[in-house]
Colleague: 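One structure, pasted below without further comment.
All residue numbers in this chain count up from 1 along the given sequence.
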Amino acid sequence: MPFRGRRSLSAEELKLHFSLQALRHDIVSAPLKTKVRKAAVLMAFEERDGELCLIFTTRPTHLRAHPGQISFPGGKIEETDLSPLHTAFREAEEEIGLGADNLELLGQFPSHRTFTGFEITPVLALVKAPFEMRIDPGEVAECFYVPLRFFMNDKHRQVKRFVRQGHNYKVVFIPWHGRLIWGATAAMIDLLCRHLKDEESLFRRR
């Protein structure tokens, strides 16, 4: 069944959605022309009490890049990494103890460019089984879950337009229980939700 916002999406339904239709939307991105630092993040979905959730981290305030911001587990693509997928899986294990053997790959979204000079590739995967979270305090201040159903409600994703360096662009903001998800992380969530809405339309046409 398609997702209609009145109930949570199951892991099996999510896998089915990703197998049916290619991505048709662009991710909100900065119009950078300079050399960028490449990174990858893991959009990890875990079923908790029958509800599919996304895993988030809050970055410590001592970090140079994006201090205090909410993000997905991830980091810079190292020379020894074989691909963005390898980076995302490696960083998830280092940051929160989520091992690659406990992940089922769903796919990969287009890279998102930021005005801070990063090009970030989102990798999407399902957590196969509950795991014991082990947080690296040097990289993560806290880790928390947000139900996917919350993001699928369009009213919870606020889009504002800004002008920077002569370019008009939009930034997505998502308030959640006293926290604010925005920037690259929110842009990836917005792309995910628009993609799933397309799948819903596909089901309805059948």
Side-chain angles (χ1 to χ4, degrees), residues 2-5 8-9 11 13-32 36 38-46 52-57 66 69-75 77 83-85 87-89 91-92 103-127 145-162 164 167-176 179-204:
F3 178 84
R4 291 186 168 83
S8 60
L9 189 68
E13 288 170 332
L14 184 68
K15 288 192 289 185
L16 180 61
H17 285 324
F18 272 90
S19 68
L20 284 176
Q21 184 172 321
L23 183 67
R24 297 191 304 169
H25 297 280
D26 294 325
I27 193 168
V28 178
S29 212
L32 283 179
V36 296
K38 294 191 175 184
V41 297
L42 179 66
M43 299 178 70
F45 301 85
E46 183 178 354
L52 205 60
C53 299
L54 276 165
I55 302 175
F56 294 90
T57 63
H66 311 118
Q69 289 190 17
I70 293 171
S71 64
F72 295 111
I77 296 179
S83 65
L85 186 152
T87 302
F89 279 21
E91 289 281 351
L103 290 167
E104 180 179 351
L105 180 66
L106 290 172
Q108 182 174 304
F109 276 167
S111 298
H112 170 87
R113 298 183 307 277
T114 73
F115 277 107
T116 53
F118 284 91
E119 184 177 271
I120 308 170
T121 301
V123 176
L124 297 84
L126 277 169
V127 179
Y145 297 85
V146 180
L148 176 60
R149 178 172 52 174
F150 173 82
F151 297 121
M152 291 295 291
N153 186 331
D154 294 342
K155 295 179 180 178
H156 294 158
R157 307 191 315 275
Q158 304 169 8
V159 179
K160 297 184 179 181
R161 293 194 173 272
F162 296 87
R164 183 168 177 175
H167 295 277
N168 186 293
Y169 67 101
K170 66 179 184 179
V171 177
V172 183
F173 296 88
I174 309 173
W176 166 258
R179 301 178 174 95
L180 182 63
I181 305 170
W182 69 287
T185 304
M188 294 169 193
I189 296 168
D190 183 62
L191 178 61
L192 168 68
C193 293
R194 286 183 287 135
H195 181 55
L196 292 178
K197 294 283 187 179
D198 278 352
E199 301 290 4
E200 178 181 351
S201 299
L202 177 64
F203 272 102
R204 286 176 174 174

Colleague: Nearest 0.5 Å, what's the CZ-OG distance between F89 and S83?
Modeller: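 Those atoms lie 9.0 Å apart.
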Colleague: Could you tell me the separation between the NZ atom of K38 and the CD1 atom of I77, rounded to the nearest 0.5 Å?
Modeller: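 Between K38 NZ and I77 CD1, I get 7.0 Å after rounding to 0.5 Å.
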Colleague: Holding to ring pair (Phe, Tyr, Trp, His ring centres under 6.0 Å), I want the full list of residues that pass it with F72, two or more places apart in sequence or in another chain.
Modeller: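 Scan of F72 (ring pair (Phe, Tyr, Trp, His ring centres under 6.0 Å), adjacent residues dropped) gives F56.
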Colleague: When V123 is tested against each of L103, V41, T87, L105 for side-chain contact (heavy atoms from CB on, under 4.5 Å), which residue passes?
Modeller: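 Passing option: L105.
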Colleague: Taking side chain to side chain donor-acceptor pair (under 3.5 Å) as the definition, give me every residue that meets it alongside E119, ordered by chain and number, with sequence neighbours left out.
Modeller: none
Colleague: What are the two closest non-hydrogen atoms of G75 and E91, and how far apart are they?
Modeller: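 Answer, listing the atom of G75 first, then E91: N-CG, 3.6 Å.
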Colleague: On a heavy-atom basis, which atom in I181 and which in A186 lie closest, and how many Å separate them?
Modeller: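 What the structure gives for the nearest pair is O-CB, 3.7 Å.
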Colleague: Could you tell me whether the side chain of I189 reaches within less than 4.5 Å of the side chain of V146, counting heavy atoms only?
Modeller: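 No, every pair of side-chain atoms sits at 4.5 Å or beyond.
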Colleague: Do M188 and L192 touch side chain to side chain, with heavy atoms closer than 4.5 Å?
Modeller: no
Colleague: Enter the distance from I120:CD1 to R113:CZ here, rounded to the nearest 0.5 Å.
Modeller: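 Between atom CD1 of I120 and atom CZ of R113 there are 11.5 Å.
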Colleague: In Å, rounded to the nearest 0.5 Å, how long is the span from CG of L180 to CZ of F173?
Modeller: 6.5 Å
Colleague: Return the minimal non-hydrogen interatomic distance between C53 and P147, and the atom names on each side.
Modeller: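 Heavy atoms only, the tightest pair is SG-CA, 3.8 Å.
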Colleague: Quick one: list whatever passes side chain to side chain donor-acceptor pair (under 3.5 Å) with T185, sequence neighbours left out.
Modeller: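 Counting only residues at least two positions away or on another chain, T185 forms no side chain to side chain donor-acceptor pair (under 3.5 Å).
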Colleague: Listed by chain and number, what are the side chain to side chain contact (heavy atoms under 4.5 Å, CB included) partners of K155, not counting sequence neighbours?
Modeller: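 Once residues adjacent in sequence are excluded, the partners of K155 under the side chain to side chain contact (heavy atoms under 4.5 Å, CB included) criterion are N153.
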Colleague: Rounded to the nearest 0.5 Å, how far apart are CG of L85 and OG1 of T121?
Modeller: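 The OG1 atom of T121 is 10.5 Å from CG of L85, to the nearest 0.5 Å.
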Colleague: Is any side-chain heavy atom of L54 closer than 4.5 Å to a side-chain heavy atom of F45?
Modeller: yes
Colleague: Sequence neighbours excluded, which residues qualify as ring pair (Phe, Tyr, Trp, His ring centres under 6.0 Å) partners of F150?
Modeller: H156, W176
Colleague: Would you name the heavy atoms of W182 and Q69 that are closest together and state the gap between them?
Modeller: CZ2-NE2, 3.4 Å
Colleague: Just verifying a value: how many Å separate K15 NZ and L126 CG, rounded to the nearest 0.5 Å?
Modeller: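 Separation between the atoms: 6.5 Å.
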Colleague: Under the side chain to side chain contact (heavy atoms under 4.5 Å, CB included) test, which residues partner A44, sequence neighbours left out?
Modeller: L42, I55, L98, V127
Colleague: What heavy-atom pair brings P73 and A92 nearest, and what distance separates the two atoms?
Modeller: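 Closest approach of P73 to A92: CB-CA, 4.0 Å.
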Colleague: So P122 and L191, do their side chains get closer than 4.5 Å, heavy atoms only?
Modeller: no
